[in-house]
Structure formats: structure tokens, C-alpha cells
Amino acid sequence: MTVVGPFGLSVRDQALEADVQAGLAAVEEGLLEATKSEVPFITEAAQHLVRAGGKRFRPLLVMLAAQFGDPYAPGVVPSAVVVELTHLATLYHDDVMDEAEVRRGVPSANARWGNSVAVLTGDFLFARASHILADLGPEAVRVQAEAFERLVTGQILETAGPSDGRDPVEHYLDVLAGKTGSLVAVSCRFGAMMSGADESLVNVLTQYGERLGVAFQLADDVLDIASDSHESGKTPGTDLREGIATLPVLRLRERAARLGLAEDIALCELLDSDLTDDARHAQALAALRAHPALEQARRDTVRYAEEARSALAPLRECDAKAALIELCDAVVHRAG
């Protein structure tokens with residue numbers, strides 16, 4: 001049994017393992033090729049996060065979904081490069097918006113070269129992804145365009161916040177479906193579509209990816225509070241310090257509004273204070289770790305992971321399906 005991909009996913013079938021490993025290696029080569037420029041500085045900036053590593057979660061899903069058709073079809077690897085380039089581009093932009101200093105354990109592009117270079121580098125990656133897409137056909141372009149629209153809409157909704165009368169938790173889950181679920185869903189869709197899988201299977205895998213993507217982000221929300229060593233390379237409580245209300249915080253506020261308990265209200269007030277102060281930040285982090293809201297966020301993560309698992313029911317039993325199911329388990333495990 002060999003470990004591949006994110007979370008230590010184990011692939012039990014040697015043939016599947018070989019396909020996945022070969023596919024991910026080809027994606028890595030494709031990423032380096034796609035981020036080359038005649039201008040050395042652009043190459044350095046564009047390859048900054050590629051070389052920093054990462055889970056390659058989305059390319060892995062492309063490879064596994066392709067197993068339900070012809071995994072060697074010529075469009076499989078390029079489509080995986082497209083989704084990872086798109087994901088990387090959003091990271092450059094996100095770090096500018098969040099004023100992040102670290103990404104994947106290395107200085108963020110904006111911290112190293114400034115906001116303008118980071119934004120333009122993200123745009124460069126989008127352009128390279130579009131160039132590859134053009135060779136994959138109009139349907140691939142349409143699918144990617146729709147997903148990108150959802151991704152940007154999710155980001156805008158997050159920035160704007162919930163409208164009057166809208167439940168903040170529902171709003172947040174919609175944001176995640178756009179920001180994260182859309183591109184994870186496209187990863188599964190591209191893998192199945194490029195491999196020539198039946199349309200019904202393409203739809204099944206797309207629905208799986210959507211739910212898994214949300215579960216994946218919710219697990220990150222939990223890890224940001226609960227973990228001593230955040231898997232993304234960020235310091236625990238980064239979202240708290242930046243005033244970003246992730247699901248544990250939203251569940252806390254929901255509980256405070258519903259029950260009116262003094263300790264919940266006091267914690268909400270602490271979270272609304274200046275958490276750039278280290279002592280106050282440590283106090284808030286410790287209080288949230290011990291609060292029932294964190295456990296509620298874990299249950300929400302499990303629910304989405306179980307929905308992803310259930311979506312796979314129509315697929316034939318095979319090693320690729322088993323690996324997709326194991327990813328659901330791995331997401332739950334990350335959330336504790």
C-alpha cells in the first residue's frame with residue numbers, strides 16, 4: 001500500500017496507484033511548463049507557489065475521476081493543470097485581499113514582491129490556464145468559465161456579507177460552495193469528461209466534488225482553530241486574528257443569539273475586539289477550542305463529507321471509488 005496525494009491517501013491497487021502517480025508527475029511537469037515566461041522575473045513569481053508544493057488535491061481528483069473512463073485520454077492531464085493553475089491564481093489574489101504574509105510555509109508573493117506583482121502574477125496564471133483550455137474544446141471552456149464565475153461570485157459575496165435577514169451560516173455555506181466547491185467539482189467533472197465517461201457518471205462525480213470541496217474548506221476552518229500546526233502552513237488562529245468569521249465563529253454567534261448565555265456573549269465581544277494583540281488572540285483561541293461551537297462546526301464538516309460519500313452510490317464498486325470514499329474519511333479525520 002503506497003501513500004499518494006493529500007492527507008496520506010492510500011491506494012491499494014497497484015495499477016491505479018501507478019496511474020495516479022504518473023498522472024500527478026505529469027501535472028507537475030505541466031505546471032512548471034505553463035508557468036515559464038520569456039521574462040525570468042515572471043517565471044520566478046509564477047513558479048513561487050508551484051515550487052512551494054501543496055496538496056495537489058484538485059489534480060488528484062481529476063486523476064481518480066478519469067478512472068471511470070479512459071484515464072490515458074489526452075485531455076486528462078492538461079485539464080488537471082488547468083484546475084491547479086486556476087487554484088494557484090486565486091491564492092495569489094486571496095493573499096493580497098487578506099494581506100497574508102505566509103502561504104504554504106513560504107513568504108506570500110505579495111509579501112515578497114508587493115501587491116501589484118502578486119495580482120498580475122495571478123492574472124498571468126489565469127491567462128496560461130485559458131491558453132491550455134482553448135485546446136480542450138468549447139465545452140471545457142464553458143465549464144471552466146461557469147466555475148470561475150461561481151468562484152468570483154463567492155468571493156464577492158464573502159466580501160459583501162449576508163444581506164439583511166439572511167442567515168449568516170447559510171450565507172457562508174453558499175460562499176464556500178462558490179469559492180471552493182465550484183473548482184473541486186470541476187476537477188471531478190474534467191476528469192470524468194476528458195476520459196469519455198458516461199454523462200451520468202460525469203454528473204455523479206461533479207456532485208461529489210461540490211460537496212467534498214465544501215467539506216474540505218470546513219475542515220480547514222476547524223483546523224485553523226483546533227490545530228497546533230496548521231496544514232496550510234498558516235499559524236493557528238490566522239482567520240481569527242484577521243477578523244474572518246469562519247464557521248466555528250458563526251456557530252458561536254448563532255448560539256449566543258439563540259441562548260443569550262453570558263459566557264457566549266462575552267466570547268463574541270472578545271472576538272470582535274482587536275485580536276492583533278497576542279495575549280487577547282491566545283485567549284480567544286483557547287476559548288473557542290473549548291467551546292461547543294467548534295464541535296458543531298466539526299459536525300457540519302462530517303455532514304458534507306457524508307453527503308459527498310452518498311453521492312458516489314451510483315458508481316460501480318472499484319478501487320477508484322474506494323479512493324474517493326477514503327478522501328471523505330480523510331477530510332473528516334482532518335477535522336478531528
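Both backbone and side-chain heavy atoms feed into the values below; hydrogens, waters and symmetry mates do not. The residues of the chain are indexed from 1 along the displayed sequence.
Checked against side-chain contact (heavy atoms from CB on, under 4.5 Å), Arg211 has the following partners two or more places apart in sequence or in another chain: Gln207, Glu307, Ala308.
The CZ atom of Arg298 sits 13.0 Å away from atom CZ of Arg334, with the distance rounded to the nearest 0.5 Å. Thr276 OG1 to His281 NE2: the interatomic distance, rounded to the nearest 0.5 Å, is 10.0 Å. Note that the CG atom of Leu88 and the OG1 atom of Thr90 stand 7.5 Å from one another [nearest 0.5 Å]. Here Glu317 contributes atom CD and Leu312 contributes atom CG; the two are 9.5 Å apart, rounded to the nearest 0.5 Å. From Leu201, atom CG reaches atom OG of Ser195 across 8.5 Å, with rounding to the nearest 0.5 Å.
In summary, of the residues considered (Val117, Val119, Leu49, Asn110), a side chain to side chain contact (heavy atoms under 4.5 Å, CB included) with Tyr92 occurs for Leu49 alone.
The shortest distance between side-chain heavy atoms of Leu247 and Gln296 does not fall below 4.5 Å. Side-chain atoms of Leu271 and Cys268, non-hydrogen and from C-beta on, never get closer than 4.5 Å to each other.
Ring-plane geometry between Phe41 and Trp113 is classed as perpendicular, the angle between the planes exceeding 60 degrees on a 0 to 90 degree scale with a lower cut at 30.
Salt-bridge formation is not detected for the pair Glu306/Arg303: no Lys NZ or Arg NE/NH1/NH2 atom is positioned less than 4.0 Å from an Asp or Glu carboxylate oxygen. By the 4.0 Å N-to-carboxylate-O rule, Asp264 lies too far from Arg253 to be salt-bridged with it. For Arg150 and Glu210, the salt-bridge test passes: some basic side-chain N is under 4.0 Å from an acidic carboxylate O. Under the 4.0 Å criterion applied to side-chain N and carboxylate O atoms, Arg255 and Glu295 are not assigned as salt-bridge partners. Electrostatic pairing of Asp174 and Lys179 does not count as a salt bridge here, judged by no charged N lying under 4.0 Å from a carboxylate O.
With side-chain heavy atoms closer than 4.5 Å counting as contact, directly or through intermediates, the hydrophobic cluster containing Leu259 also holds Leu261.
Criterion: ILVMFWY side-chain heavy atoms under 4.5 Å apart, direct or through other members. Under it, Leu250 and Leu285 are not part of a common hydrophobic cluster. Under the 4.5 Å side-chain heavy-atom criterion for ILVMFWY residues, no single connected hydrophobic cluster contains both Phe190 and Phe148. Hydrophobic clustering, with ILVMFWY side chains joined whenever heavy atoms are under 4.5 angstrom apart, keeps Val83 apart from Val202.
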* What's the verdict on side-chain contact (heavy atoms from CB on, under 4.5 Å) for Leu60 and Arg56, showing C-alpha distance, side-chain angles and the deciding distance? -> CA-CA 6 Å; Leu60 173 65; Arg56 303 295 187 252; 5.8 Å; no
* Could you please spell out the steps behind the side-chain contact (heavy atoms from CB on, under 4.5 Å) verdict for Leu240 and Val249? => CA-CA 9 Å; Leu240 281 185; Val249 173; 3.7 Å; yes
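Taking the six-membered ring for Trp, Phe126 and His131 have ring centres at least 6.0 Å apart.
Using modelled atom types, one finds no donor on one side chain facing an acceptor on the other under 3.5 Å when comparing Gln283 with Arg280. Under 3.5 Å, the side chains of Gln155 and Glu158 contain a donor-acceptor pair of N or O atoms.
The local environment of CD in Glu146 is crowded, with over 12 non-hydrogen atoms from other residues, nucleotides or ligands closer than 6.0 Å.
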